[in-house]
Amino acid sequence: MIDGTCNITKVKEQTYMDLPQQNYFRQVLKQWRERLMLEIQLIHEQLKSEQDEGGDLIDRSVQDRQKMMNYITSSRQEKTLAQVNAALRRLDEGSYGYCLASGEEIGLQRLQAYPLATLSVEMQEQLENKERQRIYS
């Protein structure tokens with residue numbers, strides 16, 4: 001079901017975000033959450049176990065860079081985990097799959113490609129256009 005073999009595309013007799021579709025995305029999101037939590041735990045354990053081993057300036061620089069990269073990775077994973085948890089809450093509330101800006105359907109294909117999507121393609125494009133205008137103005 002999660003390996004991509006499940007066909008959740010909308011057919012005429014299905015309603016958008018019906019129970020099978022909700023269950024599919026819930027399972028996808030829960031698996032993603034479990035993977036993220038494991039990765040975060042591993043990074044935190046690695047950071048705790050790292051000790052300054054001395055060495056020359058280059059060795060310490062490499063160690064410091066690796067620590068920095070671990071912190072950055074951990075931070076990104078934690079942000080993604082928060083998005084996954086928010087998506088699961090929207091599933092529980094019944095608002096998952098609907099654009100947060102317009103309330104319109106995001107679409108099953110978009111959600112399959114990126115289950116954390118919160119905006120329809122049109123609203124995402126508008127947001128990106130506004131951002132580009134802000135940057136280049």
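For the single chain, residues carry numbers from 1 onward in sequence order.
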Go through the steps to decide whether Leu81 and Trp32 satisfy the test side chain to side chain contact (heavy atoms under 4.5 Å, CB included), and finish with yes or no. CA-CA 8 Å; Leu81 180 60; Trp32 198 350; over 6 Å; no

Where [X] and [Y] come nearest, the two heavy atoms and their spacing:
{"X": "Ser120", "Y": "Cys99", "value": "N-SG, 3.4 Å"}
{"X": "Met123", "Y": "Ala101", "value": "CE-CB, 3.4 Å"}
{"X": "Met17", "Y": "Leu111", "value": "CE-CD1, 3.6 Å"}

Output every pair passing ring pair (Phe, Tyr, Trp, His ring centres under 6.0 Å) with a member in residues 73-96, not counting sequence neighbours, ordered by first then second residue. Phe25-Tyr96

So which pairs with a foot in residues 97-137 pass ring pair (Phe, Tyr, Trp, His ring centres under 6.0 Å), sequence neighbours left out? Tyr16-Tyr98

Using the side chain to side chain contact (heavy atoms under 4.5 Å, CB included) rule, take Gln66 and Gln63 through it: C-alpha gap first, then chi angles, then the decisive distance, then the call. CA-CA 5 Å; Gln66 184 59 45; Gln63 291 170 9; 5.8 Å; no

Taking NZ, NE, NH1 and NH2 as the nitrogens, is one of them in Glu45 or Lys48 under 4.0 Å from a carboxylate oxygen of the other? no

Between the side chain of [X] and the main-chain N/O of [Y], is any donor-acceptor distance below 3.5 Å?
{"X": "Ser49", "Y": "Gln46", "answer": "yes"}
{"X": "Ser75", "Y": "Tyr71", "answer": "no"}
{"X": "Ser61", "Y": "Leu57", "answer": "no"}

Report the residues that fulfil side chain to side chain contact (heavy atoms under 4.5 Å, CB included) with [X], sequence neighbours left out, ordered by chain and then residue number.
{"X": "Leu19", "answer": "Gln22, Asn23"}
{"X": "Arg65", "answer": "Met68, Met69"}
{"X": "Asp92", "answer": "Arg26"}
{"X": "Gln124", "answer": "Arg110, Leu119, Leu127, Glu128"}

Reported [atom1]-to-[atom2] distance for the pair [X] and [Y], which is rounded to 0.5 angstrom:
{"X": "Leu88", "Y": "Leu29", "atom1": "CG", "atom2": "CG", "value": "5.0 Å"}
{"X": "Ile135", "Y": "Lys130", "atom1": "CD1", "atom2": "NZ", "value": "14.5 Å"}
{"X": "Gln83", "Y": "Arg33", "atom1": "CD", "atom2": "CZ", "value": "14.5 Å"}

Side chains of Val121 and Ile106: does their closest heavy-atom pair fall under 4.5 Å? no

Side chains of Gln31 and Gln27: does their closest heavy-atom pair fall under 4.5 Å? yes

Holding to side-chain hydrogen bond (donor to acceptor under 3.5 Å, both in side chains), I want the full list of residues that pass it with [X], two or more places apart in sequence or in another chain.
{"X": "Glu93", "answer": "none"}
{"X": "Thr118", "answer": "none"}
{"X": "Arg132", "answer": "Asn129"}
{"X": "Glu78", "answer": "His44, Ser74"}

Taking ILVMFWY side chains as joined if any heavy atoms are under 4.5 angstrom apart, and letting links pass through other members, which residues group with Leu38? Leu42

What's the verdict on side chain to side chain contact (heavy atoms under 4.5 Å, CB included) for Val28 and Gln112, showing C-alpha distance, side-chain angles and the deciding distance? CA-CA 9 Å; Val28 168; Gln112 275 190 299; over 6 Å; no

How about Ile58: does its CD1 atom have over 12 heavy atoms from other parts shown lying under 6.0 Å from it? no

Pairs involving residues 34-43, ordered by first then second residue, that meet salt bridge (Lys or Arg N to Asp or Glu O under 4.0 Å) (sequence neighbours left out): none

Check the hydrophobic clustering (I, L, V, M, F, W, Y; side-chain heavy atoms under 4.5 Å; chains of links allowed) and say if Ile72 and Leu47 are grouped together. no

